[in-house]
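In what follows, a structure is listed as structure tokens, so that the remarks can point back to it.
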Amino acid sequence: MEERLKRQLDFALEIDKEKNIFRQTHLSGHGRNENDAEHAWHMAIMAYLLKEYANEPVDIAKVMLMCLIHDIVEIDAGDTYAYDEEALEFEDQLQQKAREDAAKERIFSILPEEQKEEFMALFDEFEEFATPESKFAHAMDNLQPLMLNNSNDGGDWRRHEVCAEQVYGRQNKTRLGSEKLYEITKQIIEENIEKGNIKR
């Protein structure tokens, strides 16, 4: 087998490990914990379906690929619960960033050089949160678990005793990608505050 194809297939097999990284969020219908690969797939489909609600025109193929690769580093670095980020000490955040940077280098280096550079640039663009595509991809990253949690009567919010300030702190970024979807987000949050699923 030629070297280029071997590296591409090795990468394809390596990212299968993302299916073993389980998140705090549960599947709808009070199912098991969702894994990173399911989260990424769900986000990518949502991005395509909801692209008309982006604040600015976006390259939807780029958004979908961002959605699909944004958590690949968690194969090595592990998942951090969204609402733990605020609680983490600065030192812990630096260590998590270092783990993710090392994971990014190792995993994307499996690819042929120009594909490595393409994926690294796309990953970094998502993280930098500056382009219309990255902002819309982040809106999907916020909305997708919010929808699942809402469908499960706020179980994960209750379990982790999440407060409104934390949820709004994370979801406020949604409006930078889509004002329209933020309206829905805000409605869901308010309903769950009223139900007692999210602490005031």
Side-chain angles (χ1 to χ4, degrees), residues 1-23 25 34-82 84-85 88 90-145 170 173-178 181:
M1 189 188 311
E2 64 183 72
E3 179 64 17
R4 177 180 175 82
L5 179 55
K6 181 182 184 305
R7 291 178 72 170
Q8 290 167 325
L9 292 177
D10 285 348
F11 178 81
L13 186 59
E14 181 66 19
I15 63 173
D16 181 66
K17 293 175 182 175
E18 193 176 2
K19 298 171 187 172
N20 292 315
I21 308 302
F22 285 89
R23 297 162 49 82
T25 309
E34 172 188 53
N35 69 45
D36 271 358
E38 292 164 332
H39 166 63
W41 160 82
H42 204 176
M43 280 174 62
I45 296 290
M46 286 174 59
Y48 187 82
L49 290 173
L50 303 172
K51 63 184 183 287
E52 66 197 83
Y53 305 113
N55 288 343
E56 304 171 72
V58 293
D59 175 344
I60 197 59
K62 187 177 187 183
V63 173
M64 292 173 74
L65 191 51
M66 270 184 197
C67 291
L68 291 168
I69 71 166
H70 80 290
D71 276 344
I72 282 176
V73 296
E74 293 185 357
I75 290 170
D76 288 358
D79 177 59
T80 301
Y81 183 49
D84 282 349
E85 289 177 3
L88 287 176
F90 181 66
E91 186 81 14
D92 295 333
Q93 290 179 16
L94 289 178
Q95 289 174 4
Q96 179 68 13
K97 175 78 166 67
R99 284 194 299 272
E100 290 181 357
D101 285 346
K104 177 177 71 170
E105 180 62 31
R106 183 194 74 77
I107 296 166
F108 291 138
S109 290
I110 296 169
L111 286 164
E113 191 59 33
E114 88 283 359
Q115 287 186 320
K116 171 192 171 181
E117 290 174 9
E118 177 188 2
F119 274 50
M120 297 258 288
L122 205 57
F123 180 89
D124 289 343
E125 183 178 336
F126 176 83
E127 290 291 302
E128 288 160 11
F129 194 67
T131 62
E133 285 78 13
S134 64
K135 290 174 185 175
F136 192 60
H138 271 279
M140 298 303 102
D141 198 20
N142 292 337
L143 179 59
Q144 187 268 350
R170 182 167 180 82
K173 290 184 177 179
T174 299
R175 72 186 329 157
L176 300 176
S178 173
L181 296 177

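One-based numbering along the sequence shown.
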Using 0.5 Å steps for rounding, measure from the CD atom of Glu18 to the CG atom of Asp36. 5.0 Å
Tell me the closest heavy-atom pair linking Ala77 and Ala103, and the distance in Å. N-CB, 4.4 Å
Nearest 0.5 Å, what's the CD-NZ distance between Glu125 and Lys62? 3.5 Å
Output the distance between atom CG (Asp141) and atom NE2 (His42), rounded to the nearest 0.5 Å. 12.5 Å
Assess whether a salt bridge exists between Lys116 and Glu105, defined as any Lys/Arg side-chain N lying under 4.0 Å from an Asp/Glu carboxylate O. yes
For residues 43-54, please give each side-chain donor-acceptor pair under 3.5 Å, one per line with the distance, not counting sequence neighbours.
from  : atom 1 : to    : atom 2 : distance (Å)
Lys51 : NZ     : Tyr48 : O      : 3.4

When every non-hydrogen atom of Ile69 is compared with those of Phe108, the smallest separation belongs to CD1-CZ, 4.4 Å
Output for pair (Ile21 CD1, Ile75 CD1), nearest 0.5 Å, gives 6.5 Å
Who pairs with Glu34 by side chain to side chain donor-acceptor pair (under 3.5 Å), at least two apart in sequence or on another chain? Arg23, Gln144
Phe22: ring-ring contact (aromatic ring centres under 6.0 Å, His included) partners, not counting sequence neighbours: none
Side chain Asn55, main chain Arg175, donor-acceptor under 3.5 Å: yes
When you measure from the centre of the six-membered ring of Phe129, is the NZ or CZ of Lys173 closer than 6.0 Å and no more than 45° off the axis? yes
Less than 4.5 Å apart, side chain to side chain, heavy atoms only: is that true for Gln115 and Ile110? no
Quick one: does Asp71's side chain have a donor or acceptor within less than 3.5 Å of a partner on Glu74's backbone? no
If you apply the rule side chain to side chain contact (heavy atoms under 4.5 Å, CB included), what do you find for Asp76 with Arg99, and how did you get there? CA-CA 7 Å; Asp76 288 358; Arg99 284 194 299 272; over 6 Å; no
Step by step, work out the side chain to side chain contact (heavy atoms under 4.5 Å, CB included) result for Glu100 and Gln96. CA-CA 6 Å; Glu100 290 181 357; Gln96 179 68 13; 3.1 Å; yes
Check against side chain to side chain contact (heavy atoms under 4.5 Å, CB included), Met66 and Ser134: CA-CA 8 Å; Met66 270 184 197; Ser134 64; 4.2 Å; yes
Hey, is the main chain of Cys67 close enough, under 3.5 Å, to the side chain of His70 for a donor-acceptor pair? yes
Looking only at non-hydrogen atoms, find the nearest pair between Pro145 and His39 and report the distance. CD-CE1, 4.2 Å
Would you indicate whether the side-chain heavy atoms of Leu9 and Met1 approach each other to under 4.5 Å? yes
Whether Glu38 side chain and Asn35 backbone form a donor-acceptor pair below 3.5 Å: yes
Mind checking whether Glu14 and Arg106 have side chains closer than 4.5 Å, heavy atoms only? yes
Any side-chain heavy-atom pair from Phe123 and Ile72 closer than 4.5 angstrom? no
Could you give the distance from CD (Glu3) to CD (Gln8), rounded to the nearest 0.5 Å? 10.5 Å
Checking side-chain contact (heavy atoms from CB on, under 4.5 Å) between Phe136 and each of Thr131, Thr174, Leu181, which is the one that passes? Leu181
Go through Ile60 and Val63 one step at a time and tell me if the side chain to side chain contact (heavy atoms under 4.5 Å, CB included) criterion holds. CA-CA 5 Å; Ile60 197 59; Val63 173; 4.0 Å; yes
Correct closest heavy-atom pair for Arg4 and Pro112 would be NH1-CB, 3.4 Å
Within the distance-only criterion (no hydrogens, no angle test), does the side chain of Arg7 pair as donor or acceptor with the backbone N or O of Ser109 below 3.5 angstrom? yes
Can Glu127 and Lys97 be counted as an ion pair, charged N to O under 4.0 angstrom? no
Classify the angle between the aromatic ring planes of Phe126 and His138 as parallel (below 30°), tilted (30 to 60°) or perpendicular (above 60°). parallel
